[in-house]
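All chains are named by letter (A, B, ...) in the order of the sequence lines, taking the proteins before the strands, and each is independently numbered beginning at 1.
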There are 4 protein chains.
Amino acid sequence: MPPFSSDPCPFRRRRKDARPAELLEAALALFVEKGFAATRSEEVARAAGVSKGTLYLYFPSKEELLKAVIQHFMGTEIETGIQEAAAADGPVAEVMETLLVNWWTRIYEGPASGVFKLMITEVRNFPDIGEFWVERVVAPGHAIVSGLIRRGIDRGEFEVDDVDSAVHSILMPLILECVHKHSFMACGIGKEIEIDPIAFMHAHLKLVFRGMAARPPAPAPAGGRKAGQAA
Amino acid sequence: MPPFSSDPCPFRRRRKDARPAELLEAALALFVEKGFAATRSEEVARAAGVSKGTLYLYFPSKEELLKAVIQHFMGTEIETGIQEAAAADGPVAEVMETLLVNWWTRIYEGPASGVFKLMITEVRNFPDIGEFWVERVVAPGHAIVSGLIRRGIDRGEFEVDDVDSAVHSILMPLILECVHKHSFMACGIGKEIEIDPIAFMHAHLKLVFRGMAARPPAPAPAGGRKAGQAA
Amino acid sequence: MPPFSSDPCPFRRRRKDARPAELLEAALALFVEKGFAATRSEEVARAAGVSKGTLYLYFPSKEELLKAVIQHFMGTEIETGIQEAAAADGPVAEVMETLLVNWWTRIYEGPASGVFKLMITEVRNFPDIGEFWVERVVAPGHAIVSGLIRRGIDRGEFEVDDVDSAVHSILMPLILECVHKHSFMACGIGKEIEIDPIAFMHAHLKLVFRGMAARPPAPAPAGGRKAGQAA
Amino acid sequence: MPPFSSDPCPFRRRRKDARPAELLEAALALFVEKGFAATRSEEVARAAGVSKGTLYLYFPSKEELLKAVIQHFMGTEIETGIQEAAAADGPVAEVMETLLVNWWTRIYEGPASGVFKLMITEVRNFPDIGEFWVERVVAPGHAIVSGLIRRGIDRGEFEVDDVDSAVHSILMPLILECVHKHSFMACGIGKEIEIDPIAFMHAHLKLVFRGMAARPPAPAPAGGRKAGQAA
DNA sequence: TATGAATGAGGTTTCATTCAT
DNA sequence: TATGAATGAAACCTCATTCAT
């Protein structure tokens with residue numbers, strides 16, 4: 001019992017506290033890069049600057065590490081999205097544009113983008129992490145966007161046949177951009193047809209909003225049928 | 001060399017000829033389901049109804065099997081798409097609608113849909129198969145659609161700011177549907193927000209074509225309503 | 001029962017009769033080159049111009065093939081040596097020189113040289129083939145040479161302390177030359193210190209015979225001690 | 001990196017340091033006994049008292065283990081021979097006798113004797129280890145002996161037609177004795193004609209030295225007896 | 001008699017996990 | 001708390017042998 005041993009080694013203490021997060025980051029990066037099965041647990045440990053054994057002090061198995069990774073990097077961005085969506089006001093298309101651009105730029109640039117790929121590659125091997133993901137990320141995200149679309153319809157700004165389909169039309173390219181970032185783009189393949197993800201996001205939203213936009217009330221062309229769109 | 005036997009064993013010969021395709025099908029299914037690294041080569045063999053050793057009579061290693069799978073299931077659907085696109089005539093939106101619905105339904109329902117997932121999960125481990133994929137599938141597919149869009153612009157049917165972005169807006173949801181089929185949908189997760197892929201395809205194309213449709217020449221800006229939407 | 005079917009196919013019949021010998025030759029060459037364990041039975045078959053299955057029509061297993069190889073290539077040269085040794089007459093050193101040069105040249109150049117290496121590499125894995133070898137090759141060979149040395153001693157031509165050691169001094173370099181031919185020399189290693197095997201055989205025998213030669217009866221140099229050699 | 005532990009685990013450290021040598025010894029014994037291809041890597045591990053996996057902590061593959069074995073057990077005895085040869089003085093036959101007996105007894109009794117057999121059995125499969133062996137063992141050994149013979153010639157003690165051949169006559173039986181120790185002798189075959197290796201070494205050297213010894217200047221060709229032997 | 005497709009035991013190698021220090 | 005040597009189950013792959021043709 002030495003008098004000053006209440007915090008025997010502040011340096012190591014700080015390391016210790018940071019360890020789980022460091023390991024989770026390293027694990028995310030490697031699982032996204034190589035896939036869960038092809039990543040050796042020692043690689044994760046080394047990437048986090050610790051030894052094999054230390055990993056097992058924090059996570060009881062490689063599979064539990066995967067689940068911890070998913071949970072750790074999952075919900076954060078979605079929640080901020082929900083709050084922003086609720087807080088915003090004004091013309092819905094503008095609100096959505098602002099919201100989606102901010103929100104998705106953060107997602108695309110942060111670790112969450114990797115989780116999209118990880119979920120796709122690993123759900124069938126670990127279905128329970130999928131349940132969690134849908135409940136905590138996919139469903140809320142879908143709800144935010146469909147809520148906004150419905151608000152636009154109510155306000156007469158949008159004309160949309162099938163709101164759920166429209167949500168998919170809006171979000172799926174954004175999701176696939178995230179996946180793309182961690183697959184083809186990460187190994188420099190397909191540069192010929194690659195486009196800047198942020199520029200694409202703007203162009204995509206513009207196109208989709210134009211597709212959802214309410215038409216002017218058909219100024220007066222005799223027969224009352226609206227001019228509609230082609231297909 | 002027995003002197004008089006041009007076809008020494010027709011039965012075995014027929015099995016031998018069929019084996020590679022059987023193995024490739026089994027391999028595709030398992031690689032898509034579990035990922036390359038998590039699939040044991042004996043599983044592939046058993047799924048094809050042969051023993052471990054037989055697999056190695058036809059493919060020198062598990063990695064070569066993967067490459068053969070990609071090559072085998074890759075380009076076929078794209079080529080039919082190209083021909084149909086060239087042959088079709090009429091209003092571009094209708095042509096595209098017909099083409100994409102037929103083409104993508106075949107892709108979605110056939111083995112090619114799995115290859116999309118497989119490519120995403122494995123490119124970073126086997127970059128050379130990615131090169132091939134982009135060159136033989138992604139680039140031609142992109143070219144078909146951008147060609148049609150440009151034809152629509154030339155004919156005055158479409159107004160599109162950025163053709164390449166529009167191609168992505170059109171195709172990415174279709175691709176992600178394929179991936180989805182083999183990830184979440186395959187393990188019955190996320191049913192709440194799942195939508196019928198064919199119905200979605202129609203709704204998606206309708207929305208996007210509406211977003212690309214040329215506007216009537218603005219009959220006369222009488223009333224102060226703003227015609228378009230913000231972004 | 002067609003009238004002329006007693007020998008239905010003279011060509012194949014001839015092939016069939018030659019098969020075992022062809023297989024044994026191919027097997028010897030490969031076993032000597034790579035060792036028994038490292039030689040695949042299909043390699044033997046292919047080298048003999050037949051298929052894997054055919055090998056098993058003539059030899060029930062790879063191990064039996066090895067035993068057959070030993071037996072086939074073993075004793076022949078020894079027997080001719082014995083006959084020549086018995087038939088020869090004249091000064092023993094001359095007889096031995098002639099005998100050994102002829103005999104060993106045939107052995108060195110023929111397949112028997114390989115069997116020396118094969119025995120060395122495989123006895124410990126297949127001791128029973130060793131018994132056979134010693135009884136049929138080593139012991140008779142030793143007996144021929146020791147018989148000749150003893151004849152030389154009896155005739156006053158040789159002075160030899162230990163006949164068995166002298167046999168080893170004579171034969172071991174010849175044996176090792178055979179082994180060398182199939183190890184280092186076969187892969188072109190050690191050319192710097194390599195010597196022509198036939199030239200070496202002559203030089204070696206000359207040196208050894210000089211070492212065994214009877215000394216003249218010490219002409220008369222006062223004190224009866226003979227000048228002798230050092231060691 | 002724990003801050004204050006320069007030698008974190010002395011016990012394990014000591015085992016780790018000893019492991020490679022233990023594994024190399026076990027590997028040499030087994031490779032010499034059964035041949036490289038017929039030895040299972042697990043056998044090597046078990047013989048060294050560790051598990052299969054541990055072997056691969058120290059050597060990346062079975063083939064690398066073989067190379068390490070060769071390098072580890074190769075050159076040591078040769079170097080002591082060189083030094084002793086340089087240091088010795090006196091009548092060359094005596095010097096050589098002493099040197100060769102001491103030197104070769106150590107070689108015969110030590111692990112180097114096994115390496116002779118190993119080289120013979122494996123050069124053709126791994127030619128690069130042969131280069132090393134010739135350069136580091138065969139050539140220096142040859143040089144020691146030929147140097148001594150030349151010294152004997154210079155001093156008028158020896159008369160030798162072909163020095164290189166004489167080196168072979170001297171060394172080849174010694175080498176073959178080493179090989180013999182690990183082939184026939186090790187499985188108790190051929191006892192009838194087996195001789196004590198040390199006794200043989202003495203007898204062999206005596207015979208060869210007698211064959212190389214300078215003749216007295218032919219005191220006076222008085223009596224008609226012919227002095228030498230034919231060949 | 002000859003073939004070569006097929007098998008599966010067995011070999012080499014990897015890697016998640018444990019545990020003594 | 002941290003290490004890394006050690007383990008052994010399990011993966012990939014080979015090859016002796018069989019057998020339908």
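Not less than 6.0 angstrom separates the ring centroid of B/Trp133 from the ring centroid of B/Phe126.
Atom-to-atom, CD of D/Glu63 to C1' of F/dT14 comes out at 16 Å; the value is rounded to the nearest Å. Rounded to whole Å, the distance from CD on A/Glu64 to P on E/dT17 is 10 Å. In this structure, the CG atom of A/Leu66 is 17 Å from the C1' atom of E/dT17, given to the nearest Å. Across the protein-nucleic acid pair, A/Tyr58 atom OH and E/dA16 atom P stand 20 Å apart, rounded to whole Å. Atoms CG (B/Leu23) and C1' (E/dA6) sit 12 Å apart, rounded to a whole Å. Rounded to whole angstrom, the span from the CG atom of D/Leu65 across to the P atom of E/dG11 amounts to 17 Å. One atom, NZ of C/Lys62, and another, P of F/dT17, lie 8 Å apart when rounded to the nearest Å. Rounded to whole Å, atom C1' of E/dT1 lies 15 Å from atom CZ of C/Phe59.
Checked against side-chain contact (heavy atoms from CB on, under 4.5 Å), C/Tyr56 has the following partners two or more places apart in sequence or in another chain: C/Ser41. Considering only residues two or more places apart in sequence or on other chains, A/Ala29 meets the side-chain contact (heavy atoms from CB on, under 4.5 Å) condition with none of them. For D/Phe31, the ring pair (Phe, Tyr, Trp, His ring centres under 6.0 Å) partners two or more places apart in sequence, or in a different chain, are D/Phe36. Remark: A/Pro127 pairs with B/Ile189 by the side-chain contact (heavy atoms from CB on, under 4.5 Å) rule, at least two apart or across chains. By the side-chain contact (heavy atoms from CB on, under 4.5 Å) test, C/Ala47 is found to be paired with C/Ala26, C/Leu30, residues two or more places apart in sequence or in another chain being considered.
Close to E/dA2, at under 4.0 Å from its OP1 or OP2, lies a side-chain N or O of C/Arg19.
A side-chain hydrogen bond (donor to acceptor under 3.5 Å, both in side chains) check over residues 27-40 of chain C, counting only residues at least two apart or in different chains, returns the pairs C/Lys34-C/Glu43. Judged as a salt bridge (charged side-chain N to carboxylate O under 4.0 Å, His left out), the pairs with a partner in residues 120-131 of chain D (not counting sequence neighbours) are, in order, D/Lys67-D/Asp128.
With a 4.5 Å cut-off on side-chain heavy atoms, C/Leu55 and C/Phe59 count as touching.
Projected onto DNA chain E by closest heavy-atom contact, D/Thr39 and A/Ser61 fall at different nucleotides, the more 5' of which corresponds to D/Thr39.
Interface residues of residues 41-56 of chain D facing DNA chain E, ordered by number: D/Ser41, D/Lys52, D/Tyr56; criterion, heavy-atom separation under 4.0 Å.
Out of E/dT1, F/dA5, E/dA5, the shortest distance to the side chain of C/Leu57 is found at E/dT1.
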Under 3.5 Å for both distances, Watson-Crick or G-U wobble, that's the pair rule; now give the dot-bracket for DNA chain E, with | marking pairs to another strand and [ ] for crossing ones. .||||||||||||||||||||

